[in-house]
Amino acid sequence: MRYWARPQEGHYMLGMGQVVVKRAACENRFSDLSAYHRQLRENWQCLDPDKTGRGPLLFTGFAFSDDQNYEVFPNASIMLPLLLLERRDEMTSLTLSWDMKPDDCAHSVFLHWKKAVRDVIEGLSVTRTSQISASNRLTRISSYPEDDVWLARVDQALASIENGELEKVVLTRRIAVQGERPFSLSRLISSLSDHHANCTIIAQSGARGIAVAATPEGLIRLVNGVVKSDALAGTMGNGYQEITGKDRHEHQLVVDMIRARLIALCDDIVAAEGPSVLKLRALHHLWTPIQAQAKPGVNLLDLAAALHPTPAVGGTPQIAALKWLQRHQEDRLGWYTGAFGWMTPQGDGDLNVILRCALINGGRAELSAGAGIVSGSDPQAELCETELKLKTMLDELEGA
Ligand SMILES: C=C(O[C@@H]1C=C(C(=O)O)C=C[C@H]1O)C(=O)O
């Protein structure tokens, strides 16, 4: 199952089953997926009997680092769902896909499609949530690493910034919580959509459960040659707080890097005057939207390869920060701080950085959060910032 929604834009997508899938890892992961996409595109046939103007979409995504372990999801993948249910512009459409082999017969393909449609209709008509209590009390069962270890890591990062090895590095941590009963996915998705309508809501089933996110950060969006990316870094509580020089510096590093990385693939790169403040339920971020025109032939994955990881989730200089994180055994669960989204056969699409997320298995959830460390960061304040970020999902899990 794959789910992607942007409630504020009235855009919702649910993918079930998978018809073709390509996995990739290591330094060529983006170019491998991109080559596979081009190959698929050449052999694609699409019928639209109801003249909906809609067609099949591929879901794609990847982990933060290209050598990350594969226990939750493959390191990177692109896949075509058997069934795609999409609601956009107040119209709902259903798209069915198949990987036709020479000896496939039309009737057996039809039976597969019929079953998939029946499963979805049955799933949609079951209302399980009414039978369970409104709240789910959470107990925090672990924190990884322990707070004192994480604080010491912030001190080490500050020392590396002081000695000039780094300018910025993003440090992350995760916690596990146990609910009194299994979480209701439908209730969680619906409350995330209500409370975080200006975010992208994502759900994806994997080997160790279902990963759910409500992310405010778009890595890359490409539609008819127009590229959009968010520089999002610098975090404040949702009460009034002055924007500090440290926040502006932390933010500017992201803007500069996105602009620099787009140059090879785009023209007319424009960053908004700013930054402005993106208001979320529990916190605010400094935000600079960046827009550009893609050069001919550039697809979504080419742009992702150029941008990922931005200093919003990695650091500056990029290579030094990634090496530092590896040396200090930063271990990020699943696709947290990687990205997830969708892509058209033409190569357009939308990829969002996976943040404010939980990996849910029955009544247990693992949540991840991080903070950018720059010169002047206070370790205790950074720990509080990660707690604020964790709160986004904790609050929703309590009602799920
Ligand atoms: C790493 C996270 O968030 C990132 C770091 C931010 C910061 O340091 O201010 C802000 C937004 C995100 O780019 C997270 O939410 O886990």
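Remember, it's a predicted structure, so these values are computed and weren't measured experimentally. Just follow the structure's listing: the first ligand is 1, and inside any ligand the first atom is 1. If you read the sequence from its start, that first residue is 1, and numbering goes on from there.
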CG/Leu84 to CE/Met13 distance, rounded to the nearest 0.5 angstrom? 6.5 Å
Could you pull out the closest heavy-atom pair between Gln178 and Gly363, with the gap in Å?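 Closest approach of Gln178 to Gly363: NE2-O, 3.2 Å.
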How close do Ile78 and Tyr36 get, counting heavy atoms only, and between which atoms?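 In this case the closest contact between Ile78 and Tyr36 is CG2-CD2, 3.6 Å.
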Please confirm whether Arg87 makes a cation-pi placement over Tyr12, using NZ or CZ under 6.0 Å from the six-membered ring centre and within 45° of the ring normal. no
Check the surroundings of atom NE2 in His112: do more than 12 heavy atoms from other residues, nucleotides or ligands lie under 6.0 Å from it?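 Incorrect, the count does not exceed 12.
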Run the numbers on Arg23 and Asp32 for salt bridge (charged side-chain N to carboxylate O under 4.0 Å, His left out), then give the verdict. CA-CA 9 Å; Arg23 300 185 169 90; Asp32 285 354; over 6 Å; no
Subset of ligand 1 atoms that lie under 4.0 Å from at least one heavy atom of [X]:
{"X": "Gly234", "answer": "7 (C), 9 (O)"}
{"X": "Tyr336", "answer": "1 (C), 14 (C), 16 (O)"}
{"X": "Gly372", "answer": "8 (O)"}
{"X": "Gly370", "answer": "1 (C), 2 (C), 14 (C), 16 (O)"}
{"X": "Glu250", "answer": "7 (C), 8 (O), 9 (O)"}
{"X": "Glu385", "answer": "7 (C), 8 (O), 9 (O)"}

Does the side chain of Asn43 pick up a donor-acceptor pair with the side chain of Gln39 at under 3.5 Å? no
List the closest protein heavy-atom neighbour of [atom]: residue, atom name, distance to the nearest 0.1 Å.
{"atom": "atom 6 (C) of ligand 1", "answer": "Lys389 NZ, 3.2 Å"}
{"atom": "atom 3 (O) of ligand 1", "answer": "Arg356 NH2, 3.4 Å"}
{"atom": "atom 4 (C) of ligand 1", "answer": "Ala312 O, 3.5 Å"}

Just distances here: any N/O of His285 and N/O of ligand 1 closer than 3.5 Å?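 Between His285 and ligand 1, no N or O pair is found under 3.5 Å apart.
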For Glu217, is at least one N or O under 3.5 Å away from an N or O on ligand 1? yes
Give a yes or no on whether the backbone of Thr52 and the side-chain of Asp50 come within a donor-acceptor separation of less than 3.5 Å.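 Side chain of Asp50 to backbone of Thr52: no pair is present.
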If hydrophobic clusters are built by linking Ile, Leu, Val, Met, Phe, Trp and Tyr wherever their side-chain heavy atoms come under 4.5 Å apart, do Ile121 and Leu14 end up in the same one?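 Yes, Ile121 connects to Leu14 through the hydrophobic network.
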Could a heavy atom of Leu232 be found less than 4.0 Å from some atom of ligand 1?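 Per 4.0 Å heavy-atom rule, Leu232 contacts ligand 1.
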How does Thr235 reach ligand 1, by side chain, by backbone, by both or by neither, if only non-hydrogen atoms under 4.0 Å count?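 For Thr235, the contact with ligand 1 is made by both the backbone and the side chain.
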